[in-house]
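This is the structure I have questions about; it appears just below.
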Number of protein chains: 2
Amino acid sequence: MPLETGPVGTLDPLLPIAPQLFRLLRHRIVHNDLRPGHRISETEIAREFGISRQPVREAFIKLAGEDLLAILPQRGTVVCKISYAAVLDARFLREAIEADIVRILSSAPDPAWIAEMRAQIAAQRSAMTGPQQAFFALDDSFHRTLAGAAGKNGAWRLIEGLKSQMDRVRFLSLAHFPVPNLIDQHEAIVDRIEAGDVAGAERHIRDHLREILKDLPVIAAESPAFFDLPAGGIPDPVNAPVTGGDHP
Amino acid sequence: MPLETGPVGTLDPLLPIAPQLFRLLRHRIVHNDLRPGHRISETEIAREFGISRQPVREAFIKLAGEDLLAILPQRGTVVCKISYAAVLDARFLREAIEADIVRILSSAPDPAWIAEMRAQIAAQRSAMTGPQQAFFALDDSFHRTLAGAAGKNGAWRLIEGLKSQMDRVRFLSLAHFPVPNLIDQHEAIVDRIEAGDVAGAERHIRDHLREILKDLPVIAAESPAFFDLPAGGIPDPVNAPVTGGDHP
DNA sequence: AATTGATTTCTAGTATGGAAGTATGGTAAG
DNA sequence: CTTACCATACTTCCATACTAGAAATCAATT
């Protein structure tokens, strides 16, 4: 995994500091160690790590680019709330992209990649009894493998940025996600890819990526303080327009 | 248009400098005023605009995030060549996203938006005789309108980032793009949306966004110095795996 | 007591100085 | 003529100092 390597919590002074700090703070925010609305200042972080403000500032700017921090000039910097709309947007984009990835795969199935995916699914089942975060890592790996198998590693880089918004929800309420179901869905996707069933594979990946729509309203209702909700309260995103995967 | 506003070439010292400089340099790179491979330094740019190196540095970091600059620690900063692979990746992602956008639109056509799109197409035809850059602006506006009509303005923000890679190609060789054809394609897309023909609308937007595949090899062969080509020379991207829009 | 005003104390933004590392050009040795 | 070496002139990166502006605190006034 290119990102998120190494222990999270310390900085190696020999390596460039700003990118390290960026990953570290990003990890803290996505895992809700830094809570939405919490104010942090460049000075404070600089003191905590014994570095100057400059690399902190650069990390802040990059985090603001992912909508994880809001920098208010001359006023302060706050951890963004989880934008309900942004989560839905990110999910929509992921579905669109991964649907096409799966179409590529199923239109020309590669036995070597199929074997790799099945091995990963086996690992996912083994991780079912362990901590849920372990499954999430394997889940990421699975989806990244899909992209890689389709020759779209560049696409995964983009998805990683989108995923940060969705991950904040994921780590906010680990209990809500039906891991066994998700693994079954992974298996169904690979089955349809192996069978060369383009429409079927597409339908399954789209359904898979719509799972979060069921849980999001529940989680948002549980922790409204963490969310930036649209006017009118929590909408029912399941009623969002159908976007594909349902052709005859 | 949120980005690229104001005159390009001067900085307002009253406003935050770093974001202004970012947009300005981005414009120069995308329009190939700064050529691929050209070396620039923080000091040089700082002198040119009479500012300090720090905001320059921050602009550089953001440009590196869009793969427009490559910052080599302690060695220098160069304008990235146009990555052939990145252009293909960006195009793939755009197709996936806009295909789903068009599916939303055609599954529930809105007369008001249809009228807006038709008006824009008329404006495009008027701009056919003028400079080609004027058409490009209208083309962007059209696609942005599609996203907005589907309630996916957030998606357009992402596409804008992807588009910078494709725009570099576009501005590199204005002559190659068959503007009348593109406008006809726009019209066909809107026709299918209005008719509620989901599969047809999807097929047309995908074909539309594949136009660049025809021109890219030609442009790359004309200006190989501007491109970062994969090993083995210029591939034929038209033979890339089919990714959708061709169901029965 | 409530309100207005000045002051103090925070913030991010910018400027500048120094440290570490790399490429380059010249010089001396083989 | 070729090669190894060293000094120099760059580069980015980090640290520090300073500026401008916003918010909060406290005092004076009504």
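All chains are named by letter (A, B, ...) in the order of the sequence lines, taking the proteins before the strands, and each is independently numbered beginning at 1.
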Hydrogens and angles aside, do B:E42 and B:T77 bring a side-chain donor and acceptor to less than 3.5 Å of each other?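 The answer is no; no qualifying pair exists.
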
Let me have a per-nucleotide readout for nucleotides 7-17 of chain C, 5' to 3', with B, S or -, counting only protein heavy atoms under 4.0 Å. ----BBBBBBB

Would you say the side-chain atoms of A:H176 and A:E222 include a donor-acceptor pair closer than 3.5 Å? yes

Salt-bridge criterion met for A:R157 and B:D67 (N-O under 4.0 Å):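 Counted as a salt bridge, because a side-chain N and a carboxylate O are separated by less than 4.0 Å.
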
Find the distance A:R47:CZ to D:dT16:C1' and express it as a whole number of Å.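 From A:R47 CZ to D:dT16 C1': 16 Å.
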
Give a yes or no on whether the backbone of A:E66 and the side-chain of A:Q165 come within a donor-acceptor separation of less than 3.5 Å. yes

Value in whole Å for how far the C1' atom of D:dA15 lies from CG of A:L11: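 Those two atoms, CG and C1', are 16 Å apart.
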
Polar side-chain atom of B:S41 near backbone of B:E44 as donor-acceptor pair, under 3.5 Å: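 Between the backbone of B:E44 and the side chain of B:S41 there is a qualifying donor-acceptor contact (under 3.5 Å).
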
